[in-house]
K.L.:
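Below are the structure tokens for one structure; questions will follow.
The figures here come from the full heavy-atom set of this structure, side chains too, leaving out hydrogens, waters and symmetry mates. Note that the structure is a prediction, hence the values are computed from the model and not measured. Residue numbers start from 1 in every chain, and the chains themselves are labelled A, B, ... in the order their sequence lines are given, proteins ahead of strands.
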There are 2 protein chains.
Amino acid sequence: MTAHPPLPHPDTERISLSTVLATLGDETRLAIIGELSRCGGLGMTCGQFTDLASKTSITYHVSKLREAGVVNVTPEGTRRRVTLRRDDLDHRFPGFLDSIIASTADLHIDGFEDEPNEPAELSRRNP
Amino acid sequence: MTAHPPLPHPDTERISLSTVLATLGDETRLAIIGELSRCGGLGMTCGQFTDLASKTSITYHVSKLREAGVVNVTPEGTRRRVTLRRDDLDHRFPGFLDSIIASTADLHIDGFEDEPNEPAELSRRNP
DNA sequence: TCCTTAGTTCAATGATTGTTGAACAAATGA
DNA sequence: TCATTTGTTCAACAATCATTGAACTAAGGA
């Protein structure tokens with residue numbers, strides 16, 4: 001069954017540049033976008049970001065990204081599948097996302113260590 | 001005499017993406033960048049932004065833009081010449097500034113009216 | 001059924017933000 | 001010299017932000 005109550009996302013045409021900029025002007029959220037850009041088309045779950053911040057903080061930041069129109073969040077069981085809204089952002093602000101991602105390639109968050117993870121195996125169902 | 005004490009600007013290599021994003025994630029500052037991008041190569045003075053916010057606020061926002069490495073500010077008499085750091089930003093984050101400017105073309109600030117201006121004659125010395 | 005996994009909600013907290021107005025400084029022009 | 005123009009500094013303030021920990025829900029698996 002894939003019929004979960006959807007979370008609210010802004011329509012493409014309502015995505016605001018200054019809101020997107022303000023949202024990405026945060027190291028943690030920029031790092032989330034970086035990981036998403038390198039994860040393949042399947043997206044990631046919130047749990048895969050816990051190397052960047054605490055579980056509660058990730059909930060907060062992913063909400064911000066969703067409300068700004070940067071990511072799509074889809075409930076799947078107890079998880080949330082998070083994907084970049086690539087096409088929508090490209091349509092609205094051509095070239096913007098690519099330039100961000102290119103400049104983000106070598107960024108990382110240091111100093112956070114919590115709930116240690118095996119190194120981010122992508123799209124695997126269960127440990 | 002053109003020997004005024006220079007204001008502090010970050011070196012090109014120290015310009016941080018997340019700081020630039022956070023700085024541009026503000027409607028007023030984004031509007032300043034928009035005006036600068038359309039003003040020709042000579043830059044603008046702070047006084048020419050007073051259609052966007054109060055004098056004190058402009059001082060604050062222009063400082064933010066300077067500290068982030070987005071603009072260059074040069075004292076000229078009682079004025080400050082503000083220019084975009086185009087080359088530096090292009091070198092550091094290729095394609096980024098252009099995408100912002102393109103998406104900013106039709107933006108404007110509404111609702112602010114103060115010290116009404118003649119419509120932005122560029123590079124004129126005195127009324 | 002019970003336990004685990006995955007994520008959310010909530011209140012509290014400290015930090016940062018953007019705006020205002022009054023007072024100020026410096027360069028210019030008359 | 002004196003007044004004007006241009007912009008800065010400062011303290012105050014409200015608003016927003018990011019983080020924390022405890023308690024919670026919901027879906028799956030054993």
K.L.:
Check whether any side-chain heavy atom of B/Ile32 sits under 4.5 Å from a side-chain heavy atom of B/Gln48, and report yes or no.
P.N.:
no

K.L.:
Between C/dT8, C/dT20, D/dT6, which nucleotide has the shortest distance from any of its atoms to the side chain of A/Thr59?
P.N.:
C/dT8

K.L.:
Is any side-chain nitrogen or oxygen of B/Lys64 closer than 4.0 Å to OP1 or OP2 of C/dT17?
P.N.:
yes

K.L.:
To the nearest Å, give me how far apart CD1 (A/Ile58) and P (D/dT19) are.
P.N.:
9 Å

K.L.:
Considering only D/dA18, C/dA6, C/dT20, which nucleotide approaches the side chain of A/Tyr60 most closely?
P.N.:
D/dA18

K.L.:
Quick check: closest heavy atoms across B/Ser16 and B/Phe93, and the distance to 0.1 Å?
P.N.:
C-CZ, 3.9 Å

K.L.:
Calculate the interatomic distance between B/Glu67 atom CD and C/dT16 atom P; express it in whole Å.
P.N.:
14 Å

K.L.:
Let me know the distance between CD of A/Glu27 and P of D/dC17, rounded to the nearest Å.
P.N.:
18 Å

K.L.:
How many angstroms lie between atom CG of B/Asn72 and atom CZ of B/Arg80, to the nearest 0.5 angstrom?
P.N.:
13.0 Å

K.L.:
Figure out the CZ/P separation between B/Arg66 and D/dG7, and round it to whole Å.
P.N.:
14 Å

K.L.:
OP1 or OP2 of D/dG28 sitting under 4.0 Å from any side-chain N/O of A/Arg79?
P.N.:
no

K.L.:
Measure the distance from CG on B/Leu7 to P on D/dT9 and round it to the nearest whole Å.
P.N.:
9 Å

K.L.:
Rounded to whole Å, how long is the line connecting atom CZ of B/Arg80 with atom P of D/dT9?
P.N.:
9 Å

K.L.:
Rounded to the nearest angstrom, tell me the gap between atom CG in A/Leu30 and atom P in D/dA18.
P.N.:
13 Å

K.L.:
Between B/Ser54 and C/dT19, does any side-chain N or O lie under 4.0 Å from OP1 or OP2?
P.N.:
no

K.L.:
Pick the nucleotide of DNA chain D nearest each of A/Asp26 and B/Ser63; which residue has the one closer to the 5' end?
P.N.:
B/Ser63

K.L.:
Can you check the A/Glu76 CD to D/dA26 C1' distance for me, whole Å?
P.N.:
15 Å

K.L.:
Return yes if some donor-acceptor pair links the side-chain N/O of A/Arg92 with the main-chain N/O of A/Ile15 below 3.5 Å, else return no.
P.N.:
yes

K.L.:
Taking for each residue the nucleotide of DNA chain C bearing the nearest heavy atom, is the 5' side occupied by B/Gly25 or by A/Cys46?
P.N.:
A/Cys46

K.L.:
Considering only side-chain heavy atoms of B/Thr56, which listed nucleotide, D/dT20, C/dT20, D/dT6, is closest?
P.N.:
C/dT20

K.L.:
Respond yes when some side-chain nitrogen or oxygen of B/His61 is under 4.0 Å from OP1 or OP2 of C/dT17, and no when none is.
P.N.:
no

K.L.:
Look only at the side chain of B/Arg29 and the backbone of B/Thr23, and say whether a donor-acceptor pair between them is shorter than 3.5 Å.
P.N.:
yes

K.L.:
When you get a sec, tell me which of D/dG7, D/dA18, C/dG18 is the closest nucleotide to the side chain of B/Thr45?
P.N.:
D/dG7

K.L.:
Counting heavy atoms from C-beta on, name the nucleotide in C/dA6, C/dT8, C/dT17 closest to the side chain of A/Thr78.
P.N.:
C/dA6

